[in-house]
Amino acid sequence: MYKILRKKVLNSNTTLMVVDAPHVARKCRPGQFIILRVDAEGERIPLTIADYDRKTGEITIIFQAAGASTQQLSELPEGGVIHDFVGPLGQPSELEGLKKVAVVGGGLGCAIAYPQAKALYEMGAEVDLIAGFRSQDLLILEDEMRAASTRLHVVTDDGSNGRKALVTQVLKELIDAGNSYDAVIAIGPMIMMKFVCETTRPYGIKTIVSMNATMVDGTGMCGCCRLTVGGETKFACVDGPDFDGHLIDFDESMRRSAMYKAQERAAMAHHECNLHKMEVK
Amino acid sequence: MANMRADKVAMPEQAPDVRNQNFEEVALGYTPEMAMEEAARCLNCKNRPCVQGCPVAVQIPDFIALVAEGKFAEAADKIKETSALPAVCGRVCPQESQCEKYCVRGVKGEPVAIGRLERFAADWARTHAGNTPVKIEKNGRRCAVVGAGPAGLTCAGDLARMGYEVTVFEVLHTAGGVLMYGIPEFRLPKAIVQSEIDALKDMGVTFVLNFVVGRSETIDDLFADGYGAVFVGSGAGLPTFMHVPGENYNGVYSANEYLTRVNLMKAYQEESHTPIMRAKRVAVVGGGNVAMDAARCAKRMGAEEVYIVYRRGEAELPARLEEIHHAKEEGVIFKFLTAPVEVLGDPDTYLVKGMICQQMELGEPDASGRRRPVPVEGSEFTLDLDAVIVAIGTSPNPLIRSTTPGLDTNRRGCIVADEATGITSKDGVFAGGDAVTGAATVILAMGAGKRAAAAMDEYIRNKN
């Protein structure tokens with residue numbers, strides 16, 4: 001059992017939790033993930049580590065209620081417990097030696113882009129952090145991101161906060177304005193990561209993406225998270241989650257990640273329906 | 001006077017067309033009368049060939065003699081002297097290639113049903129006598145076991161009996177390894193595995209679940225934490241894929257993924273949240289026990305047609321005879337001398353539509369001594385499918401080897417360890433089971449765990 005020390009609602013469907021997990025906090029590094037189960041019958045949910053504190057043994061996770069299991073997680077109270085919490089899993093991000101970096105986050109991806117930016121910024125790198133959201137009410141971690149970057153560029157799809165633009169537009173402008181980046185790190189929906197890679201490809205800028213594939217065990221056992229990188233099959237859980245974005249077959253990965261969407265939606269509807277029944281009672 | 005009937009006493013089973021709709025155990029086990037009748041078939045040979053066929057040297061004629069006398073609890077205790085998991089082994093050991101292979105009664109007729117009798121004795125003891133508490137004198141020394149599968153559980157049990165404080169570290173949320181995530185409920189009920197694990201807990205073994213050795217802590221950290229010796233039984237969990245075109249279409253599963261979703265994550269239960277495809281036409285590629293398990297699960301998950309696609313012939317199937325027999329009875333269709341060439345998928349939905357296969361013929365023997373399958377030119381045909389389950393083997397997880405300096409592995413990624421002792425290239429680290437051999441059987445892993453426990457004891461005593 002792992003205690004939820006603090007809980008904060010970031011927007012209508014995004015929640016931050018700080019969990020007591022010293023066995024994870026002791027050695028984890030940016031880019032790695034954990035897997036949790038809400039209760040003894042729960043699904044295994046992989047979540048990238050958003051922040052950690054080695055001294056207090058705390059791990060921060062940020063997630064969206066996208067299916068029945070994450071919805072159930074979001075309903076756990078501060079002081080409540082998570083049944084299982086394992087990690088750190090996956091390879092840490094390779095950030096050493098990067099002097100100037102553009103970090104691109106999309107929506108919930110900002111929760112993972114933020115620790116990457118923070119780690120780089122603390123290592124003395126110059127960081128342009130481009131954060132994209134659908135609209136103002138979905139904006140998360142603005143102050144944190146500002147504190148963890150040299151320059152923060154917020155854009156929204158509808159212009160309700162910052163510029164009305166796509167992250168790729170901002171990135172292209174920054175590159176065209178003469179910023180020469182050692183690397184671009186992109187974390188967000190696959191479609192966004194794909195287009196960030198297409199944006200940087202003509203410039204030959206190394207682009208690292210974090211692949212949030214569907215997983216079961218997260219330890220290399222099931223192969224559900226497999227993807228094609230440079231023509232080879234890789235497992236996001238043990239070979240990644242970070243990969244060279246220019247080598248990824250995004251179209252395949254996007255279709256693979258859509259496999260259980262219908263079942264997830266049905267489970268979510270079922271869960272909400274049950275909640276409604278409980279309220280009626 | 002021995003019972004000279006040529007055949008084994010049959011074990012009652014659920015009818016094939018009933019059981020392929022449910023996840024209840026297929027084989028129902030002997031009644032006491034049946035067990036005593038079968039036990040009377042044992043000739044109690046002086047030279048005990050059956051014992052030599054057992055990787056953990058269960059004193060087979062002795063326990064069978066006790067069953068014949070109706071002393072069932074004593075029979076179970078006799079087995080437990082050398083085997084940590086009798087109820088499990090009685091169900092999943094390939095007896096036909098081990099103990100029963102050497103049984104003298106097998107020369108004319110069927111061998112004594114050693115596996116069924118082992119299962120009977122273990123089940124009787126569990127349900128009637130409970131697990132007898134073992135008296136243990138603690139020696140105040142600590143050992144760590146990495147991985148709670150058959151090798152680790154056996155090693156932990158033996159070390160605990162010798163008086164060590166044993167901690168078992170397991171990355172999944174449940175102990176048991178392949179006994180929990182892989183082998184289905186209908187072949188090995190999880191309550192039985194849990195009872196064996198509880199027996200270890202009663203002996204003082206500590207289980208730390210959700211712990212990634214190699215990441216949460218390395219093996220060197222474990223020594224720093226005060227463990228005197230470490231056993232690595234991390235198994236062979238990494239699935240092998242076929243590397244044919246179309247393998248990443250939605251609906252192509254590794255057997256590990258399919259079985260983990262069904263068994264460990266309980267997708268077979270109505271109320272489970274675990275998503276899984278309810279495929280109607282399924283091909284399982286491979287011919288081992290894992291392939292049989294996957295095929296029989298698919299049938300139970302509602303598939304109308306389930307194929308086993310195997311590139312060699314029936315005689316070469318590596319699965320236990322009983323599994324093959326059960327799969328056939330349940331309506332699984334075997335496509336022998338057939339190899340997959342390409343998985344076909346719908347370009348829009350990305351879902352599996354079928355698989356192009358090729359007929360094979362057997363050529364000269366290969367490195368494994370089995371005749372090598374060779375493709376027959378122009379023999380391609382297509383199976384219409386909506387799921388493909390790949391069960392062609394697994395290899396060891398790289399996590400331990402990549403985080404443990406000084407631990408030698410071979411080209412296949414297996415830890416190099418002495419067969420008799422489990423001693424590795426790293427001082428104080430012992431290894432056994434699939435992590436050393438590559439994918440093999442439960443009982444071989446148990447044998448390795450047992451030998452390693454003895455060697456760890458010797459190592460620690462020599463050191464102090």
Side-chain angles (χ1 to χ4, degrees), chain A residues 2 21-24 26-28 32 34-38 40-44 67-69 72 83-90 214-228 232-233 235 238-239 249 251-264 266-267 270-271, chain B residues 170-174 178 181-182 208-212 214-218 221 234-241 243 247-261 264-267 269 271-278 345 347-351 390 394-399 402:
Chain A
Y2 305 85
H23 67 301
V24 183
R26 205 174 302 142
K27 293 211 165 182
C28 70
Q32 292 185 303
I34 58 97
I35 287 200
L36 65 81
R37 292 200 318 152
V38 173
E41 301 303 322
E43 270 192 280
R44 292 175 67 87
S69 300
Q72 208 187 343
H83 197 276
D84 297 291
F85 200 88
V86 59
L89 297 165
T214 312
M215 290 180 189
V216 184
D217 64 292
T219 64
M221 223 177 76
C222 77
C224 177
C225 65
R226 65 191 186 274
L227 69 164
T228 306
E232 276 182 62
T233 297
F235 291 178
V238 286
D239 299 319
D249 182 345
D251 292 340
E252 177 187 271
S253 288
M254 281 190 276
R255 288 157 133 176
R256 284 189 62 78
S257 70
M259 179 166 176
Y260 293 113
K261 280 276 147 55
Q263 285 194 30
E264 269 171 24
H270 182 73
H271 180 80
Chain B
E170 167 59 45
V171 70
L172 289 178
H173 57 259
T174 306
V178 72
Y181 74 73
V208 179
L209 306 176
N210 296 316
F211 196 94
V212 210
R215 293 239 182 266
S216 304
E217 283 198 0
T218 63
D221 295 332
S234 49
L238 229 58
T240 307
F241 282 94
H243 302 295
E247 194 161 37
N248 291 345
Y249 279 122
N250 290 337
V252 182
Y253 290 94
S254 74
N256 265 2
E257 179 186 351
Y258 190 76
L259 291 171
T260 301
R261 284 183 186 274
L264 182 71
M265 304 311 296
K266 308 209 164 66
Q269 292 175 352
E271 63 275 21
S272 168
H273 284 316
T274 305
I276 192 148
M277 242 175 120
R278 299 272 178 170
D348 295 325
T349 62
Y350 218 66
L351 291 168
V390 184
T394 53
S395 61
N397 195 306
L399 195 54
S402 65

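Keep in mind it's a predicted model, so treat the numbers as computed, not measured. A note on names: the letters A, B, ... follow the listed sequences, proteins ahead of strands, and every chain is numbered from 1.
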- Note on the structure: Tested for side chain to side chain donor-acceptor pair (under 3.5 Å) against E217(B), the lone hit among H23(A), K27(A), R26(A) is R26(A)

- Task: Please name all residues satisfying side chain to side chain contact (heavy atoms under 4.5 Å, CB included) with R37(A), sequence neighbours left out, ordered by chain then number.
- Result: R44(A), H83(A), D84(A), H173(B), M265(B)

- Is there side-chain contact between Y181(B) and N256(B), with at least one heavy-atom pair below 4.5 Å? yes

- Message: Testing the 3.5 Å rule here: is there a donor-acceptor pair between the side chains of T219(A) and D217(A)?
- Response: yes

- Query: Taking only residues two or more places apart in sequence or in another chain, which ones pass side chain to side chain contact (heavy atoms under 4.5 Å, CB included) with E170(B)?
  - Reply: A148(B), L172(B), L209(B)

- Message: Which one wins on heavy-atom pair count under 4.5 Å against chain A: V252(B), T274(B), V390(B)?
- Response: V252(B)

- Item | Per-residue contact mode, Y249(B) against chain A (heavy atom under 4.5 angstrom) | backbone

- For F211(B), is it the side chain, the backbone, both, or neither that has a heavy atom closer than 4.5 Å to a heavy atom of chain A? both

- Message: If I measure from the heavy atoms of chain B, does R226(A) come under 4.5 Å with its side chain, its backbone, both, or neither?
- Response: side chain

- Look at the side chain of N248(B) and the backbone N and O of T228(A), then say whether any donor-acceptor pair between them is shorter than 3.5 Å. no

- So which of P347(B), S402(B), P398(B) has the largest heavy-atom pair count under 4.5 angstrom toward chain A? P347(B)

- Task: Could you tell me which portion of V208(B) (side chain, backbone, both or neither) has an atom closer than 4.5 angstrom to a non-hydrogen atom of chain A?
- Result: neither

- Residue S216(B) versus chain A: region with a heavy atom under 4.5 Å: both

- Message: Is L238(B) in contact with chain A via its backbone, its side chain, both, or neither, using a 4.5 Å heavy-atom distance?
- Response: both

- Query: Between the side chain of R256(A) and the main-chain N/O of T214(A), is any donor-acceptor distance below 3.5 Å?
  - Reply: no

- Query: So what's closer than 4.5 Å to chain A heavy atoms on I276(B): side chain, backbone, both or neither?
  - Reply: backbone

